[in-house]
Amino acid sequence: LAGTGDMERTFIAVKPDGVQRGLCGEIIKRLEQRGFHLVAAKFLQASEDHMKQHYLDLKDMPFYGGLCKYMSSGPVFAMVWEGQNIVKLVRMMLGETNPADSKPGSIRGDLCINIGRNIIHGSDTLENAKKEVGLWFKPEEFVNYTSCFQPYLYE
Ligand code: UDP
Ligand code: MG
């Protein structure tokens with residue numbers, strides 16, 4: 001986008017618990033209202049192997065097996081969103097990994113209780129965002145369009 005140096009993309013997924021609880025709309029609403037721009041989305045049930053790849057950095061953690069099983073147990077809503085400094089801003093919107101440590105006003109602080117059912121994933125660094133976007137989406141799955149909000153969101 002014009003005039004915006006640090007435009008970034010991040011990978012966000014509503015996890016199976018968030019989908020089952022009917023929270024896709026609430027999560028999308030928050031991202032839209034912040035001013036972020038949706039560039040790709042799909043609703044799918046991921047395989048356990050795909051989730052093992054996605055969470056590869058956590059392979060030595062005791063919860064890795066259960067996490068990957070859970071993440072592949074039902075549908076997820078996978079998305080790529082774009083915006084200035086979006087990786088960091090979305091992590092702030094999510095709250096902490098443990099909903100019990102997440103402030104009210106954050107997605108996890110408002111909408112969930114338990115660390116193993118924290119409803120949403122968001123990339124933690126720009127480097128991981130690039131990896132995750134590439135793992136979940138093919139180039140032809142991105143839609144290029146101009147948001148009419150652009151001049152009102154960015155100086
Ligand atoms: N997780 C868990 N138990 C833990 C830590 C993490 O079940 O003690 C799950 C939780 O769903 C979390 C995911 O593993 O969202 C990935 O962990 P990470 O540390 O990357 O947290 P996130 O980036 O999602 O905040
Ligand atoms: Mg993480």
Side-chain angles (χ1 to χ4, degrees), residues 4-139 141-143 153:
T4 51
D6 41 0
M7 199 52 62
E8 298 173 353
R9 288 180 171 185
T10 196
F11 174 71
I12 298 171
V14 183
K15 296 181 176 184
D17 47 338
V19 171
Q20 286 291 349
R21 291 181 55 213
L23 294 172
C24 290
E26 172 66 26
I27 286 166
I28 291 166
K29 185 192 81 170
R30 288 179 183 223
L31 296 165
E32 285 182 329
Q33 288 187 341
R34 185 74 191 263
F36 296 134
H37 182 70
L38 182 65
V39 292
K42 57 184 167 187
F43 185 65
L44 75 158
Q45 183 161 1
S47 69
E48 201 173 326
D49 277 351
H50 183 83
M51 293 317 309
K52 283 183 174 162
Q53 194 61 38
H54 171 84
Y55 281 125
L56 198 60
D57 291 352
L58 301 174
K59 65 178 186 318
D60 297 326
M61 305 302 270
F63 57 83
Y64 178 67
L67 171 65
C68 295
K69 255 197 174 60
Y70 185 67
M71 287 294 293
S72 58
S73 70
V76 295
F77 198 72
M79 298 169 276
V80 180
W81 289 79
E82 189 173 85
Q84 194 172 46
N85 202 21
I86 191 171
V87 176
K88 179 186 162 204
L89 295 184
V90 164
R91 289 293 292 194
M92 292 176 74
M93 289 173 76
L94 297 197
E96 301 302 319
T97 300
N98 190 345
D101 299 326
S102 300
K103 292 201 177 91
S106 67
I107 291 171
R108 288 168 175 166
D110 284 346
L111 303 175
C112 55
I113 297 167
N114 184 271
I115 192 166
R117 298 289 184 270
N118 63 4
I119 71 166
I120 184 168
H121 169 82
S123 309
D124 60 350
T125 62
L126 186 55
E127 192 192 339
N128 284 336
K130 285 176 182 161
K131 273 193 219 161
E132 292 171 3
V133 166
L135 178 67
W136 287 81
F137 287 92
K138 302 188 194 99
E141 291 178 300
F142 292 88
V143 183
L153 287 163

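Throughout, numbering of the chain's residues begins at 1 and tracks the sequence. Order of appearance sets the numbers: ligands from 1, and atoms from 1 within every ligand. Quick note: numbers below take in every heavy atom, side chains included, and nothing from hydrogens, waters or symmetry partners.
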side-chain contact (heavy atoms from CB on, under 4.5 Å) with K130: which residues, sequence neighbours excluded? L126
Considering residues at least two apart in sequence or located in another chain, which fulfil the side-chain contact (heavy atoms from CB on, under 4.5 Å) criterion with N114? R117
Inspect the contact between K88 and D6 and indicate whether a charged nitrogen and a carboxylate oxygen are less than 4.0 angstrom apart. no
So, using side-chain contact (heavy atoms from CB on, under 4.5 Å) as the criterion, who are the partners of K69 when residues are at least two apart? E48
Mind checking what residues have non-hydrogen atoms under 4.0 angstrom from ligand 1? K15, Y55, L58, F63, L67, R91, T97, R108, I115, G116, N118
For the pair H121 and F11, name the ring-plane relationship: parallel under 30°, tilted 30 to 60°, perpendicular over 60°. tilted
Over 12 non-hydrogen atoms of neighbours within 6.0 angstrom of NZ in K42: yes
